[in-house]
Amino acid sequence: DKGIISFTWILIGLVLGSLIGMVMALRVQMTGMPQMVALLNGLGGAASMVVGGAEQINRVYAGQTIDTASLIAIAASAIIGGVTLTGSLIAWAKLQEVMSGKSIVFQGQQIVNLAIFLVCIALSAWIVTSPTNLFPYWPLALVACLLGVTLVLPIGGADMPVAIALLNSYSGLAAAATGFVLNNAMLI
């Protein structure tokens with residue numbers, strides 16, 4: 001483990017993130033806060049998803065043994081992060097009126113959601129039982145992203161702030177799962 005390679009990159013990230021945050025804070029109206037929160041939730045979910053996958057890659061290429069708890073946390077990072085990313089993007093699009101704020105439903109939607117979730121569980125089991133196989137992680141992340149879309153589409157615009165609050169908690173859960181993967185108490 002190389003640890004922090006250069007504090008310069010951390011400083012660059014802090015300055016860049018602060019500038020983007022400042023611009024967003026100055027430009028977004030108070031009535032646009034739910035949309036901004038949705039976007040930030042989605043980015044947090046995406047970060048957790050990518051870091052979980054990257055950590056598995058790092059450990060496999062370093063020849064490290066990955067314990068079962070870490071593998072479960074890696075899979076959880078993919079599922080929760082993917083659902084958070086795309087669910088939050090759908091929430092943003094509905095509130096921003098980029099797409100219809102109406103509930104979008106189709107026949108058998110709950111069965112489709114269950115099937116997608118079961119595929120997530122199967123891919124997660126594959127990750128846990130085959131720790132050096134890097135293939136199942138990214139399909140898991142993609143299927144979880146699909147689940148995020150199908151879970152949030154049926155929610156109408158008036159109920160979207162509640163959905164965003166739930167997705168906010170998912171973002172925290174994804175970060176906590178990634179904290180277990182990285183053994184980082186701050187994320188947990």
A.B. asks: For Met99, is there any backbone N or O sitting under 3.5 Å from a side-chain donor or acceptor partner on Lys94?
C.D. replies: no
A.B. asks: So, using side chain to side chain contact (heavy atoms under 4.5 Å, CB included) as the criterion, who are the partners of Gln35 when residues are at least two apart?
C.D. replies: Trp92, Leu95, Gln96
A.B. asks: When clusters are formed from ILVMFWY side-chain contacts under 4.5 Å, directly or step by step, what else is grouped with Leu114?
C.D. replies: Leu118
A.B. asks: Are Val181 and Ser77 packed together at the side-chain level, in the sense that at least one heavy-atom pair is separated by less than 4.5 angstrom?
C.D. replies: yes
A.B. asks: Do Val105 and Ile90 share a hydrophobic cluster (ILVMFWY, side-chain heavy atoms under 4.5 Å, transitive)?
C.D. replies: no
A.B. asks: Nearest 0.5 Å, what's the OH-CD1 distance between Tyr137 and Ile57?
C.D. replies: 9.0 Å
A.B. asks: Counting heavy atoms not belonging to Asn183, are there more than 12 under 6.0 Å from its CG?
C.D. replies: no
A.B. asks: Same cluster or not: Ile20 versus Leu85, using hydrophobic residues (I, L, V, M, F, W, Y) connected whenever any side-chain heavy atoms lie under 4.5 Å apart?
C.D. replies: no
A.B. asks: At their closest point, which heavy atom of Ile79 faces which heavy atom of Cys120, and how far apart are they?
C.D. replies: CD1-CB, 4.0 Å
A.B. asks: What pair of heavy atoms forms the shortest contact from Ala177 to Ala73, and how long is it?
C.D. replies: O-CB, 3.5 Å
A.B. asks: Roughly how far, to the nearest 0.5 Å, is the CD1 atom of Ile116 from the CD1 atom of Ile111?
C.D. replies: 12.0 Å
A.B. asks: How about Tyr61: does its OH atom have over 12 heavy atoms from other parts shown lying under 6.0 Å from it?
C.D. replies: no
A.B. asks: Could you see if Leu146 belongs to whatever hydrophobic cluster contains Trp126? Use Ile, Leu, Val, Met, Phe, Trp, Tyr and a side-chain cutoff under 4.5 Å.
C.D. replies: yes
A.B. asks: Just to verify, what does Trp138 make a ring pair (Phe, Tyr, Trp, His ring centres under 6.0 Å) with, not counting sequence neighbours?
C.D. replies: none
A.B. asks: State, with a plain yes or no, whether a side-chain heavy atom of Leu140 is found less than 4.5 Å away from one of Val119.
C.D. replies: no
A.B. asks: Are any non-hydrogen side-chain atoms of Arg59 and Leu71 less than 4.5 angstrom apart?
C.D. replies: no
A.B. asks: Rounded to the nearest 0.5 Å, what's the gap from OG1 on Thr178 to CD on Glu55? Could you check?
C.D. replies: 10.0 Å
A.B. asks: Linking I/L/V/M/F/W/Y whenever any side-chain heavy atoms sit under 4.5 Å apart, do Val143 and Val128 land together?
C.D. replies: yes
A.B. asks: With hydrophobic residues grouped by side-chain heavy-atom distances under 4.5 Å, do Leu187 and Leu40 end up in a single group?
C.D. replies: no
A.B. asks: Which salt bridge (charged side-chain N to carboxylate O under 4.0 Å, His left out) pairs, counting each pair once, include a residue from residues 167-188, with sequence neighbours left out?
C.D. replies: none
A.B. asks: Rounded to the nearest 0.5 Å, how far does SG of Cys145 lie from CE of Met49?
C.D. replies: 4.5 Å
A.B. asks: Under the 3.5 angstrom rule, does the side chain of Ser130 hit a backbone N or O of Ile127 as a donor-acceptor pair?
C.D. replies: no
A.B. asks: How long is the straight-line distance from CD of Gln56 back to CD1 of Ile74, given to the nearest 0.5 Å?
C.D. replies: 5.0 Å
A.B. asks: Taking transitive links into account, so neighbours of neighbours count too, which hydrophobic residues share a cluster with Leu26 at under 4.5 Å side-chain distance?
C.D. replies: Leu11, Val15, Leu19, Met22
A.B. asks: Rounded to the nearest 0.5 Å, how far does CG of Leu16 lie from CH2 of Trp9?
C.D. replies: 11.0 Å
A.B. asks: Got a list of side-chain donor-acceptor pairs under 3.5 Å for residues 155-176, not counting sequence neighbours?
C.D. replies:
unit_1 : atom_1 : unit_2 : atom_2 : d
Ser169 : OG     : Leu166 : O      : 2.6

